[in-house]
Colleague: 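Sharing a structure with you now.
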Amino acid sequence: MGATLRALRALVLLCGFYLLSLLLLAALAGADAAVVTWVHGAAGIKIVAVSVLLAVPVVRGMFMLRTPRGDGPPGIDVTEADEPRLWALVRELAAATGTRAPDRIVLTADVNAAVSEDARLLGLRAGPRRLYLGVPLLTGLTEAQLRGVLAHEYGHYTGGDTRLSALVVRGRAQIARVIEHFHEKAAGKVAAERGRQEKAAAKRVAKGKDAKEVDTTGAGVTYRMMASVYKLYGKLYLRASLSTARAQEYAADRAAARIAGRDAIASALREIPALSASHGFYLDSYATLGLPVRLLPPRGQFFGGFARLLAAREEELAGLRAELPTTPASPYDSHPPIAERVRRLEALPADGRAARAGGPALALLTDAERTLAALEDAVLSDEILRHPRAATWQELLDAAMAEGVSTTHTPLHRALAEYTGQPATLSALLDVVDDGRLWRLAERLPLSEQAAAAKGRAFREFVRPRLRSSLRTMVLAEFSARSLLSWEFSWSHAAAARLTGQVPHDAPAADGGPEAALEAAVDAALADHPDTAPLRALLPSAATPAG
């Protein structure tokens, strides 16, 4: 579909919104005319008043004259003086694509690249252009792959996609605005009705009567019905614009293949889902590890550590590259499935330009460390930036894990406190085990229907894994409190607990070191015939069994 037809479709969809709104207003006006003719008195006035209230959100949505302009993701603007090599590449590819280069480059914290244009007159006049470029993307892609990504984004410029998006964005925004107005009105009605019923219930209780259950099912139903009409059109609008959006992605891929090479853009598309998954894991498991104890990684490492994770987990990345998404992220995602995009690209004739390995695209930056530090200042909130910094990743891990094991409250903690009527401590648990009451305690854990119905050995096998995990957590907390525990930091695998205390020579698995002795002691405490002596030996100052 050419740019003219796409523009016509976008205009028709936008006009459909106004037509729907006019039809609804006409229906409300017709209903008012019938009410005035046939209904008299207070009932008629009330119906007309409701129709006027329903018309207000419709009219407000229709007269949203300005197309909303998103500010884009937070980041740092870089000038040509700041990053001459990056700007040179951007201009080179723009010239090769036959389009105007962006006016601004914004480095962001996303695993993404995107272009925008503040087009005027609903896309009829060109406007300032921006390129948003994620630093994590630069970290994980080679320069050749980055060329393919940029050439793809420029394909949107040459196809007029960024200018036509003004029409599509306006329609989506107006539909969403009307739906939001109706939901706000419905929520107000529900709140008012709830307040009225709660007040009436309080009066009944004061008179010694039973309070009626609060029921707001019918409150705001008219507003919700009006919202549902726009929701239906919104779904139609999205689905109708999706085919165009996805066709634009395929066209931009073909443009990238012509400019940067088929293999460069195909390999970049294979890499991006793996980078996205890895970056999410990195943020959850490393960058934000210290937030519960109000501690940040070393300066510049909140995003900078991502490169070290990628280097250490190459084997896992290879597996992620081989498992390309075969479905869109959502039914309304404007991008086709990555697997289909790669399939179409690799079906193109070979162009003799094999994907060059090259170095990381991050090397295009003049001073990557400075940029990574500046990105923290631009993206993280002021509250988070006020947290102190750990000197090393190891220090960050030690502080976070010490807090984590000491504050974790597992289902076993809760069951033990209820069962004994005392604080849930390791000493109290060992006493329960020594008294032969472990499996009665286990019955208080949240259990599946199958586990709850099991008896004897079968029951023990069902609950033992959960007991083991919780007991191990309690033991680690005890070791941590006694400064007998350290943690081994690693980029390639999860943090490992390391015991620093002495292991009795007669402890189970003592020849395997402290960690092996601990695992064997936990198993012994949860055996069919439990024995807490190995655990008590590892913690010599723990309470002895009640005699």
Colleague: Roughly how far apart are E519 CD and R472 CZ, rounded to 0.5 Å?
Modeller: 4.5 Å

Colleague: If you measure from CG on D435 to CG on L430, what distance do you get to the nearest 0.5 Å?
Modeller: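 The CG atom of L430 is 11.0 Å from CG of D435, to the nearest 0.5 Å.
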
Colleague: Between OG1 of T532 and CG of D434, what distance do you get to the nearest 0.5 Å?
Modeller: 3.5 Å

Colleague: Can L476 and L518 be said to form a side-chain contact (heavy atoms from CB on, under 4.5 Å), step by step?
Modeller: CA-CA 9 Å; L476 292 180; L518 170 62; 4.0 Å; yes

Colleague: How long is the span from the CD atom in E346 to the CZ atom in R262, to the nearest 0.5 Å?
Modeller: 7.0 Å

Colleague: Minimum heavy-atom separation for A400 and G290, please, with both atom names.
Modeller: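 It is CB-CA, 4.4 Å.
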
Colleague: How many angstroms lie between atom CG of L535 and atom CG of D523, to the nearest 0.5 angstrom?
Modeller: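 That separation rounds to 10.0 Å.
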
Colleague: When you look at S427 and T425, which way does the side chain to side chain donor-acceptor pair (under 3.5 Å) test go after all the steps?
Modeller: CA-CA 5 Å; S427 177; T425 64; 5.0 Å; no

Colleague: State, yes or no, whether a side-chain contact exists between L317 and S278 at a heavy-atom distance under 4.5 Å.
Modeller: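 In contact.
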
Colleague: Can you list every pair that meets salt bridge (Lys or Arg N to Asp or Glu O under 4.0 Å) and has a residue in residues 295-305, with sequence neighbours left out?
Modeller: R299-E376, R299-D377

Colleague: Have H279 and S276 got a donor and an acceptor in their side chains that come within less than 3.5 Å?
Modeller: no

Colleague: Before you tell me yes or no, could you show the steps for F302 and L296 under side-chain contact (heavy atoms from CB on, under 4.5 Å), namely the whole-Å CA-CA distance, both residues' side-chain angles and the distance that decides it to 0.1 Å?
Modeller: CA-CA 7 Å; F302 192 94; L296 287 177; 4.2 Å; yes

Colleague: Between E443 and R437, is the closest basic N to carboxylate O distance under 4.0 Å?
Modeller: no

Colleague: Could you tell me whether R344 sits above the aromatic face of Y250, with NZ or CZ closer than 6.0 angstrom to the six-membered ring centre and within 45 degrees of the axis?
Modeller: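 Yes; both conditions hold, so R344 lies above the ring face of Y250.
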
Colleague: To the nearest 0.5 Å, what is the distance between CZ on R370 and CG on L375?
Modeller: 12.5 Å

Colleague: side-chain contact (heavy atoms from CB on, under 4.5 Å) for W439 and L467? Distances and angles first, verdict last.
Modeller: CA-CA 10 Å; W439 307 113; L467 282 173; 3.6 Å; yes

Colleague: If you look only at distance, which donor and acceptor atoms sit under 3.5 Å apart when one is on a side chain in residues 304-313 and the other is two or more places apart or in another chain?
Modeller:
from	atom 1	to	atom 2	distance (Å)
R313	NE	W491	O	2.7
R313	NH1	E316	OE2	3.4
R313	NH2	Y286	OH	3.2
R313	NH2	W491	O	3.4

